[in-house]
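Each chain gets a letter, A, B and so on, in the order the sequences are listed, and its residues count up from 1.
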Amino acid sequence: MGEFLSLREAVARYVEDGQTVALEGFTHLIPFAAGHEIIRQGRRDLTVVRLTPDLIYDQLIGAGCVRKLIFGWGGNPGVGSLHRMRDAVENQHPCPIEVEEHSHAGLAERWRAGAAGLPFGVLRGYVGTSLADHTKTIASISCPFTGEELTAVPAIHPDVGIIHAQQADRDGNVMYWGITGVQKECVLASRHSIVTVEEVVDEFAVRTGGVVLPAWAVDAVAVVPGGPHPSYAHDYSDRDNDFYASWDPIARNRDAFANWLAGVTGEAS
Amino acid sequence: MSSCRQNGQWTSDEMMAVAAARELGDGVVCFVGIGLPSTAANLARRMHAPNAVLIYESGCIGSRPDRLPASIGDGVLSETAVANVGVVEIFSYWLQAGRIDVGFLGAAQIDRFANINTTVIGAYDTPSVRLPGAGGAPEIAANCGEVIITLPHSRRAFVEELDFVTSLGHGTGSGHREQLGLRGRGPSAVISDLCVLRPDPVTKELTLTSVHPGVSVDDVRSATGWELAVAEDLGTTPPPASEELAELRELKAAS
């Protein structure tokens, strides 16, 4: 239905403690503002899903929102580690988190199965690696037609999928372009979805590689210009590589992180 | 890390990037990891391999960036690509289906059969170091025609035994990949800042085939965590040519 809500209203209406939530976007179009709103609203015990946890999940984990992380590659791209994630995994700070680890190909297949309404996805993957020994959601399956051994991974169906797009039109259809990641699958696989957008336009232009999600496939649209910062929105903003670098010392130090967090929650000391 | 020795003309990091770039043939379709592989692949494209097709897992096909991408999702990869597709599609239709000639990967740790660990140091449930994890690498290593790996040489990186196999190289050696039904041939070269290692044609164990200028076999041995096999016809890597250095430095300066 593509209902226009404020970000605060959208998160308050759809995101609840204990749910499975996905904020997707592959380096590009990461919905940081929505993540900060989840932190501000104090959500807890979330299972969060993303191919690349990136800073957005480092922040949610550090803020104590996360009970379980389902992911593929957990680094600060081009910089180093995600230190809040590492502190949680290595030292159980601020709380223990469960980790369910996949490859990007496997997790992408889980998204596709979720979007397609199938119980599982199939791929040539994980064979010979240690991942299958530690991740219960990786299983072997034989093709009923050829007998070939393949790998099955279960569909993902988050309670809420959240993405950022460049534009919505006045009917609540949304459009994004550039690096398009798994956002379409995220929205279609999720029970509810929230899309933050840079702006509302009267009419979408025809764009190479543009993806349009019809309003009736999206629950809420919130206009949040700059919503992906320090990630970016192609044709609207550049990735703030300096912020990604500056995150490293913030996330390495629990006090520095607490200061950053106070800036997000408005409880600055 | 060993990677900043200078000889006055070039650094060992530059030698590593140049040697890795030389591995990439012209016209090949290459799935490129971020970091060192991306540097090497883009250097190759500007030197001897102008028709190499660079594919990034962010869904960018045929990217021709004029600077090094800061991340796998850098806008320059998308803007300069022939086609942009979603992440499901890049892994499924393009990688898994066998359309990629070469996978170009980095690594945190590697063993003598070029298996890669980028997941944990120590026990999985109580790791002493939690590394970023798999990303695209396991299926790149499985499904590309061949794999080139580049990483700086040290005993912490070249280890006797991996705590976790994130991406399979030659497994336990001869015949293992075939036995598992993997379609790609696996690693064909490992390029470090000290040397080039290639799998023995029979045993698949990494063998020292070329030392970089100024590096001795003992230097490589002391930075390797297993008893190193050395090729009978051990060579010396040609030093970076001035054109290679100029292109590499220009690429880095633009980034």
Task: Those residues of residues 93-113 of chain B, ordered by number, that approach chain A below 4.5 Å (heavy atom to heavy atom) - done: Y93(B), Q96(B)

- [ ] Answer with side chain, backbone, both or neither: which region of L51(A) has an atom nearer than 4.5 Å to a non-hydrogen atom of chain B?
- [x] side chain

- [ ] Give, for atom OG of S255(B) and atom CG of D66(B), the distance between the pair rounded to the nearest 0.5 Å.
- [x] 8.5 Å

Open item on the list: Check for me whether the distance between the ring centres of H229(A) and F32(A) falls short of 6.0 Å.
Closed with: no

- [ ] Could you tell me whether the side chains of Y56(B) and S38(B) share a donor-acceptor contact shorter than 3.5 Å?
- [x] yes

Task: Heavy-atom pairs under 4.5 Å with chain A, option from T172(B), T166(B), I34(B) with the top count - done: T166(B)

- [ ] Below 4.5 Å from any heavy atom of chain A, which atoms of D74(B) appear? Answer side chain, backbone, both or neither.
- [x] backbone

Open item on the list: What I want to check is whether the side chains of W247(A) and N76(A) have a donor and an acceptor closer together than 3.5 Å.
Closed with: no

Task: T47(A) and R67(A) side chains, donor-acceptor separation under 3.5 Å - done: yes

Task: Interface residue of largest heavy-atom contact number with chain A, from P138(B), A81(B), G122(B), S71(B), under 4.5 Å - done: S71(B)

Task: Engaged part of Y244(A) at the chain B interface, taking heavy atoms whose separation is under 4.5 Å - done: neither

Task: Residue R239(A) versus chain B: region with a heavy atom under 4.5 Å - done: side chain

TODO: Using a 4.5 Å cut-off on heavy atoms from C-beta on, say whether the side chain of R185(B) contacts that of R177(B).
DONE: no

TODO: Please lay out, stage by stage, how H93(A) and F257(A) fare under the test ring-ring contact (aromatic ring centres under 6.0 Å, His included).
DONE: CA-CA 12 Å; H93(A) 178 90; F257(A) 176 77; 8.8 Å; no

- [ ] Let me know if A142(B) has heavy atoms under 4.5 Å from chain A in its side chain, its backbone, both or neither.
- [x] neither

Open item on the list: So, using ring-ring contact (aromatic ring centres under 6.0 Å, His included) as the criterion, who are the partners of Y236(A) when residues are at least two apart?
Closed with: none

Task: Modelled atom types, side-chain donor and acceptor of T135(A) and H102(A), under 3.5 Å - done: no

Task: Interface residue of largest heavy-atom contact number with chain A, from G59(B), S92(B), C60(B), under 4.5 Å - done: S92(B)

- [ ] Heavy atoms only, distances under 4.5 angstrom: which of G135(B), G86(B), S58(B), A141(B) has the most pairs with chain A? Name it, please.
- [x] G135(B)

Task: Y176(A) side chain to H164(A) side chain, donor-acceptor N/O pair below 3.5 angstrom - done: no

TODO: Keeping the roles fixed (side chain from T118(B), backbone from G133(B)), state whether a donor-acceptor pair exists under 3.5 Å.
DONE: yes

- [ ] Mind ranking E139(B), E79(B), E89(B) by heavy-atom pairs under 4.5 Å with chain A and telling me who comes out on top?
- [x] E139(B)

Task: Part of V85(B) within contact of chain A (heavy atom distance under 4.5 Å) - done: backbone

